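For reference, the structure discussed in these notes is given below.
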Amino acid sequence: MTFGFAPSTATSTASSVSADSDNRLARMLEPAEWASAGIPLLRSPREVVSGLHSRHRPIPATAVVAALDHEERLTASASFTRRAAVAADGWEFRNALLAQLRRVIPHDLRRRTPVRTAVLLYCREGDERWTEEDGAWMWGLRDACTLHGLRCGAYITLTRGGWQVLGEGRGGRRPSSLSEPAPLADAAVEHRTTPTRSGGVAAEALRRTAAR
């Protein structure tokens with residue numbers, strides 16, 4: 001006769017929570033990983049940001065995914081609001097981004113090399129420093145691009161302090177999550193007349209990482 005003890009419900013629940021947390025951490029990219037991933041640099045980041053801000057008028061918790069051609073002209077874009085109940089999981093973000101891309105632009109999976117680049121602008125609370133939520137969005141963007149036949153492009157945050165292209169060390173004070181969207185014609189003029197600023201301490205650290 002064999003005697004044994006079944007694991008308690010509390011132990012099973014704790015193990016499940018721990019495994020789920022580990023899985024979510026695996027679906028996240030650290031700044032160093034992103035900076036060394038060969039993400040193509042935007043030639044005109046302010047113009048891209050201002051254009052998307054004017055078109056979609058994002059508020060905090062809004063993601064704007066866009067496809068650009070080889071000259072950085074906007075091919076298609078879509079925006080959606082992150083559900084508060086969804087954890088910062090790259091898998092969930094990947095699925096949401098992929099659904100939006102499939103809705104607005106055909107895939108390029110039959111091409112040998114991608115001809116279009118997807119960028120993601122995420123409007124959120126907080127400052128310019130990288131967060132685990134940013135890491136999950138990065139993972140989701142990279143995976144969604146692979147599944148849709150696109151080149152993975154920039155990940156941009158929009159906060160109260162302005163915009164920041166993570167991994168490039170470039171950012172600006174306008175537009176911000178608090179600023180009124182400019183007319184599309186004015187966005188191009190602002191790009192030509194207003195210099196970009198460095199991205200602060202976090203961006204400087206990313207530049208040093210990328211240089212190594």
Side-chain angles (χ1 to χ4, degrees), residues 13-42 45 48-49 52 58-67 78-102 114 117-171 177 199-212:
T13 301
S15 299
S16 176
V17 170
S18 177
D20 181 63
S21 178
D22 290 342
N23 288 336
R24 284 194 292 108
L25 289 174
R27 295 188 290 266
M28 181 184 303
L29 293 178
E30 297 281 348
E33 294 176 285
W34 185 259
S36 62
I39 305 299
L41 300 180
L42 288 170
V48 171
V49 174
L52 294 178
I59 60 175
T62 300
V64 182
V65 61
S79 62
F80 61 97
T81 302
R82 178 194 166 190
R83 291 178 296 162
V86 176
D89 189 327
W91 187 80
E92 295 284 352
F93 292 169
R94 186 276 308 275
N95 290 345
L97 292 170
L98 193 56
Q100 297 297 323
L101 289 170
R102 286 171 173 166
T117 301
V119 300
L120 176 60
L121 172 71
Y122 184 56
C123 182
R124 62 167 173 77
E125 300 290 358
D127 56 29
E128 65 186 18
R129 288 175 292 184
W130 179 89
T131 66
E132 289 188 353
E133 183 184 23
D134 293 328
W137 279 115
M138 290 171 168
W139 189 97
L141 176 62
R142 186 185 65 177
D143 216 43
C145 287
T146 299
L147 295 175
H148 206 62
L150 301 173
R151 179 184 295 107
C152 181
Y155 172 69
I156 307 159
T157 57
L158 188 71
T159 63
R160 291 171 179 265
W163 56 273
Q164 171 76 20
V165 187
L166 294 187
E168 290 192 19
R170 289 185 288 178
S177 62
V201 176
E204 182 62 32
L206 284 171
R207 280 200 298 271
R208 290 198 298 269
T209 301
R212 286 199 293 267

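Keep in mind it's a predicted model, so treat the numbers as computed, not measured.
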Restricting to non-hydrogen atoms, name the atom on [X] and the atom on [Y] that form the minimum distance, rounded to 0.1 Å.
X      : Y      : result
Ala154 : Leu42  : CB-CD1, 3.7 Å
Trp139 : Met28  : CD1-N, 3.6 Å
Cys145 : Arg151 : SG-O, 3.8 Å
Leu120 : Ala63  : CD1-CB, 4.1 Å
Ala87  : Arg82  : C-NH2, 3.4 Å
Gly153 : Thr117 : CA-CG2, 3.5 Å

Do [X] and [Y] have side chains that approach each other closer than 4.5 Å (heavy atoms only, starting at C-beta)?
X      : Y      : answer
Asp134 : Arg124 : yes
Cys152 : Ile39  : yes
Thr131 : Thr157 : no
Leu158 : Pro58  : yes
Trp34  : Leu141 : yes
Glu30  : Met138 : no

From [atom1] ([X]) to [atom2] ([Y]), nearest 0.5 Å:
X      : Y      : atom1 : atom2 : answer
Trp137 : Leu166 : CH2   : CG    : 13.5 Å
Thr146 : Asp143 : OG1   : CG    : 5.5 Å
Asp89  : Arg94  : CG    : CZ    : 9.5 Å
Gln100 : Asn95  : CD    : CG    : 12.0 Å

Partner of Phe80 under side-chain contact (heavy atoms from CB on, under 4.5 Å), picked from Leu97, Thr62, Val64, is Leu97
I'd like to know whether CD of Glu132 has more than 12 heavy-atom contacts from other residues, nucleotides or ligands below 6.0 angstrom. no
